Protein chains: 2
Amino acid sequence: MVITRTRIQEKNRSAILDAGLEVFSQYGFRGTTLDQIAEAAGLSKPNLLYYFPSKEAIHTELLESLLETWLDPLHALDDGGDPIGEILDYVRRKLEMSRDFPRESRLFANEILQGAPRIDDNLRGELKTLVDEKAQVIRGWIATGKVAPVDPHHLIFSIWALTQHYADFDVQVRAVLGGADPFPGAQAYLDQVFRTLLRP
Amino acid sequence: MVITRTRIQEKNRSAILDAGLEVFSQYGFRGTTLDQIAEAAGLSKPNLLYYFPSKEAIHTELLESLLETWLDPLHALDDGGDPIGEILDYVRRKLEMSRDFPRESRLFANEILQGAPRIDDNLRGELKTLVDEKAQVIRGWIATGKVAPVDPHHLIFSIWALTQHYADFDVQVRAVLGGADPFPGAQAYLDQVFRTLLRP
DNA sequence: GCGTGATTTGACCAACTGGTCAAAGCTACG
DNA sequence: CGTAGCTTTGACCAGTTGGTCAAATCACGC
């Protein structure tokens, strides 16, 4: 079954999703109102509900498309590549996502802070499977002496923490830096951290 | 002016603050209702408002007492101590706070995610001052060759990110680990990360 | 330019929200 | 005891919330 959509539908649906991302990522699901989304999207509230059946539906669609793209960089971690280069590339890609898609990062953070009520299954299923698989790859690299021995799970957590921090805690980081763009410095610092950590 | 309080006041005020911490840290300010707090505290809503003038007042009091204690570990970073030992101790203390006071960490994360509307001044003022001061201490250690050359600001950010991650993203971390306690492993991993990073 | 289906909206609703208030209940102290 | 002041609550209020609906408006192929 193919969903056909007019140009108007295309335009308004994406305006709503963009507005929803903006507001949900700041206030979380419960803290967001349909009126806020409607205003950000430049539509009336009943018009919102012509395109989406409920507030929940907007949030669900955002979360789903987020999860899809969120793990792409980890998927790309290649068993056959140069180990340290692969990991440093992963860090770079994740940091770029924090820079280019901070709202998506915050939407995810909000969901987790609330106890992940809507994506708990995904975390325990798809995510865990993927992480376990990549942890095995890293273990292989360690076994052959190409990477210093580290706990692969905590290594992955630390990459998430360090990169997402620059999106999720952006205001704090910029406040401390006096407003300067943190990303160039972050890139260099993270490179240094993981290079020294992983050198065998 | 000394505020005197009866035992009942003492007990109920702290029950409300505890309940508020529980709910605010999960749903943020806007996403939290007085009824939720009242139920968690085991009081009626009017009774809540007998002890605090408004929802805002509960939140403000929580944030203030949080900020006070949140930076204590950083204050303790001692110019005169053993450089690498001082930094590793700071990491340890911050990780212990994530383990023992995860709700406080999440309350703070929620506030920052929302753009820090209530603590922006504090971030740009007190926090920035303290961080700049400690960054100077670290720069001194680097200059005398006691610590490898790293960007001190990003070093501090990375300590915050790595330790708070275990509180703020607890459900995700445990989902991936299959429910196991992450903290012993985190402690060992973070020790390793900063030891290798900072060794001159 | 006309008609049909897509789009938009004002008016509306019940439930919930933060907050008030007067009256009732309770407690400590003389 | 008794009572003055502390504590608790049911009833209430105005504003907000997610969501509905019928009617009005619009866009597009014929």
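Here is the naming used below: chain letters follow the sequence lines, and residue numbers restart at 1 for every chain. Bear in mind that the values here come from a model prediction, so they are computed numbers and not experimental data.
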Exercise. If you draw the axis of the six-membered ring of A:F194, does the NZ or CZ of A:R199 fall within 45° of it and under 6.0 Å from the ring centre?
Worked result: no

For this session: Name the first nucleotide and the last nucleotide along DNA chain C (5' to 3') that come under 4.0 Å of a heavy atom in chain B.
Result: C:dT17 to C:dC21

Problem set entry | Polar side-chain atom of A:K128 near backbone of B:A175 as donor-acceptor pair, under 3.5 Å | no

Exercise. So do B:V193 and A:T196 actually touch side chain to side chain, heavy atoms under 4.5 Å?
Worked result: no

Exercise. For A:H59 and D:dG19, what is the distance between atoms NE2 and P respectively, to the nearest whole Å?
Worked result: 13 Å

For this session: Give the C-alpha distance, both sets of side-chain angles, the deciding distance and a yes or no for salt bridge (Lys or Arg N to Asp or Glu O under 4.0 Å) between B:D191 and B:R92.
Result: CA-CA 8 Å; B:D191 230 75; B:R92 263 179 227 122; 3.2 Å; yes

Problem set entry | For atom NZ of A:K55 and atom P of D:dT17, their distance in whole Å | 9 Å

Exercise. Is there a donor-acceptor pair closer than 3.5 Å between any side-chain N or O of A:E86 and the backbone N or O of A:D78?
Worked result: yes

Exercise. Taking CG from A:N12 and P from D:dC26, how many angstroms apart are they, rounded to a whole number?
Worked result: 15 Å

Seminar exercise, completed: Rounded to whole Å, CZ of B:R30 lies from C1' of D:dG15 at a distance of 13 Å

Exercise. Would you say the ring centroid of A:Y166 lies under 6.0 angstrom from that of B:H154?
Worked result: yes

Exercise. Does the side chain of A:Y51 come under 3.5 Å of the side chain of A:N12 through a donor N or O and an acceptor N or O?
Worked result: yes

Exercise. Per the ring-ring contact (aromatic ring centres under 6.0 Å, His included) rule, which among A:F52, A:F24, A:Y27 passes with A:H59?
Worked result: A:F24

Seminar exercise, completed: Residues in residues 40-52 of chain B with a heavy atom under 4.0 Å of DNA chain C, by number, are B:K45, B:P46, B:L49

